[in-house]
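Proteins come first, then strands; the chains are lettered A, B, ... in the order of their sequence lines, and each starts at number 1.
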Amino acid sequence: MAASQNLFADMQKRVLAAANALIGEGVLPAGTDLSRVVVEPPKDATHGDMATNAAMVLAKEAGRKPRDLAEAFAGKLRADDLVARVDVAGPGFINLTLRPAAWLDALRAAIAAGERYGHSDIGKAEKVNVEYVSANPTGPMHVGHCRGAVFGDALANLLAFTGYDVTREYYINDAGAQVDVLARSAFLRYREALGETVGAIPDGLYPGDYLKPVGEALAREYGRSLNEKPESEWLPLVRTRSVAMMMNMIRDDLAALNVNHEVFFSERSLVEGDDLVGRMIAQLRSAGEVYEGRLPPPKGAPVEDWEDREQTLFRTTDFGDDVDRPLLKSDGSYTYFASDIAYHKSKFDRGFHTMIDVWGADHGGYIKRMQAAVKAVTGGKAALDVKVVQLVKLLRGGEPVKMSKRAGEFVTLREVVDEVGRDAVRFMMLFRKNDAVLDFDLAKVIEQSRDNPVFYVQYGHARGCSIFRMARETLPDLPAEPQSRAAFLQRADLARLADEGERALIRKIAQFPRVVEAAALSHEPHRIAFYLYELASEFHGQWTRGTGSPHLRFIIQEDSQLTAARLALVQGVVTVLATGLALLGVAAPDEMR
RNA sequence: GCGCCGGUAGCUCAGCUGGAUAGAGCACCAGACUUCGAAUCUGGGGGUCAGGGGUUCGAAUCCCUUCCGGCGCGCCA
């Protein structure tokens, strides 16, 4: 029996093979849809090692009773060399108990694969573009940006690990009115750097001190020359320079979080030069999807300067949107939406047929039109999945942290990372489903307790490493270097792992590839975080059982064979914890004293 | 008014894309260190899965509806 990394996938194949055999025998009709058949760990361990719903899902189409069909499956599966026992239970579940050796082989395969354990090729090298952060280049990153940054980064890791060809991308909004405001704000700091007294920063400009260095740089570079020019001349220069400096700052902030993009894509590049936005609009126009028309006034909050006028509209309703959307502002320039369409078209033209955008909750209302636009502009050949990350509520000891955007007083990403550490920020951001609001308590995340899952999981890893350090007294040959150690431990007699707690740990380890796959397919990295927490929990449990029952300890002085087998188990745990944490971008320390 | 996202134990949240008796942590109560790291572990109580209908062998999960909370609703990004 070939050692495989994913025992659940193996068993799924075998169940499907059984189904096909039953089709051949006429028990199931030809062409039966097998896509709903799953093999999963049962909720209750007394039901066996794995369960499949095959009989229940296929019963209707076959015109048979689920339990009868289950018996037919059972007949096939009993002959399988991985299977020790098959039971039909409940409404038609097929419960499988595997031969012990199957689990031991799975553990051995995990150890052998090392940091590649859990890796797969389900992505088939398909190109995927993950766009995340894309914060406006008008200032440093604040806490609100953290979650999307960490989420997008972990998701990209996950997709790369499962065989996708991933590109991490950041869209720089350097073409709108905001960067003109940035330029004017920087210009004020420039005059200040030249010795002028500027006083209070006027309303409508960015007040933050972070623009002072920009002003000083401009003064060094241009001297007084900019001051003598009209705004129409200095603005583009100052804007370019300011955006570049803001992006450097943002890149540094991201680096502090261990987030690294491969592509920084400029919105301005779509508007200037080849005018890709204009071309895109022309293309849509010739396809009959652009027209001049009027829109009904928006409901709800009254719009002050509403004016019923004709404008250039994109017929997004043809592609699933609620209303058609304007492409041009009243001054003739492109709307943000227009540039964004061209941007997504650029992704498609660069070969990405799968795109994932990570947005903040306040952009939720924008999803439909963007998906409609992608459909229109790619002829339905590309898929856009938009992941919305919900708000982060920043607390300290249960009390909300006050922030005032108006006064430029916001907590920066950098401050939070400096205070609680990169690992804590990353793990906590991922220890919640992306579309649920997240409470982030600065006081709690530095607590070192079970209440703080970051330390709990990291401690599991450190504890495993600690066992290896201690074990060298019993097993002097045990290599310290992880890879040689893994090679050494693979040769252990794993059949010595007979304790129920040990077997449960093995089963948990064997689930890792399945969890990785599910997390990647659903674009939900939080599943990795929760799985790691559970694995650490079972590991801590097995450890503590040894304090009460010395014969259950991992290191047994008088039995080096048993010790080697148990260390192999620890190796499996440590491997999975390290790999899983790496996917989340969190460190796996060898010790935490 | 419309759209999107949420509503699961006192609190914070999972629930593997429709499966078996709905699970963790915190808090509370009672326990476990002369011994591989107690930053750990074991046990206990605690539920109308917001309410109501429907779909089917089977629903916290899918559909409809009501209620509550968040976000959004030309020419901001």
Any donor-acceptor N/O pair under 3.5 Å between B/A20 base and A/Asn95 side chain: yes
In B/U21, glycosidic geometry as syn within 90° of 0 or anti otherwise: anti
A/Lys43 NZ - B/G19 P separation (whole Å): 8 Å
Rounded distance in Å - NZ (A/Lys329) to P (B/C75): 9 Å
Sugar-phosphate, base or nothing in reach of A/Gly548, heavy atoms under 4.0 Å: nothing
N/O donor-acceptor pair, side chain A/Arg514 with base B/C16, under 3.5 angstrom: yes
Distance-only donor-acceptor test, A/Arg553 side-chain atoms vs B/U35 base atoms, 3.5 Å: yes
Side-chain donor/acceptor pairs under 3.5 Å, residues 383-394 of chain A, sequence neighbours excluded:
{"residue": "A/Asp385", "atom": "OD2", "partner": "A/His523", "partner atom": "ND1", "Å": "2.7"}
{"residue": "A/Lys387", "atom": "NZ", "partner": "A/His523", "partner atom": "O", "Å": "3.3"}

Pi stacking test for A/Phe93 and B/A20: under 5.5 Å apart, planes under 30°: yes
Base versus backbone protein contacts along nucleotides 2-11 of chain B [heavy-atom cut-off under 4.0 Å; B, S, -]: -S-SS-----
Sugar-phosphate, base or nothing in reach of A/Gln311, heavy atoms under 4.0 Å: base
Rounded distance (Å) that lies between atom C1' of B/A14 and atom CE of A/Met428: 14 Å
Cationic N near anionic O, under 4.0 Å, A/Lys368 to A/Asp322: yes
Rounded interatomic separation in angstrom, taking CD from A/Glu40 and P from B/G58: 19 Å
Pairing of A/Lys347 and A/Glu169 as salt bridge, 4.0 angstrom limit: no
Where the chi angle of B/C68 falls, syn if within 90° of 0 and anti if not: anti
Interatomic distance where NZ belongs to A/Lys508 and C1' belongs to B/C16 [whole Å]: 10 Å
Touch class at under 4.0 angstrom, heavy-atom based, for A/Asn434 against every strand present: nothing
Near-parallel close stack of A/His363 and B/G72 base (under 5.5 Å, under 30°): no
Integer-rounded Å distance: B/G58 C1' and A/Arg67 CZ: 14 Å
Sugar-phosphate, base or nothing in reach of A/Val38, heavy atoms under 4.0 Å: nothing
Sugar-phosphate only, base, or nothing, as touched by A/Tyr366 at under 4.0 Å among non-hydrogen atoms: base
Nearest-neighbour nucleotide for the A/Tyr459 side chain, B/U40, B/C75, B/G15 considered: B/U40
Sugar-phosphate, base or nothing in reach of A/Phe554, heavy atoms under 4.0 Å: base
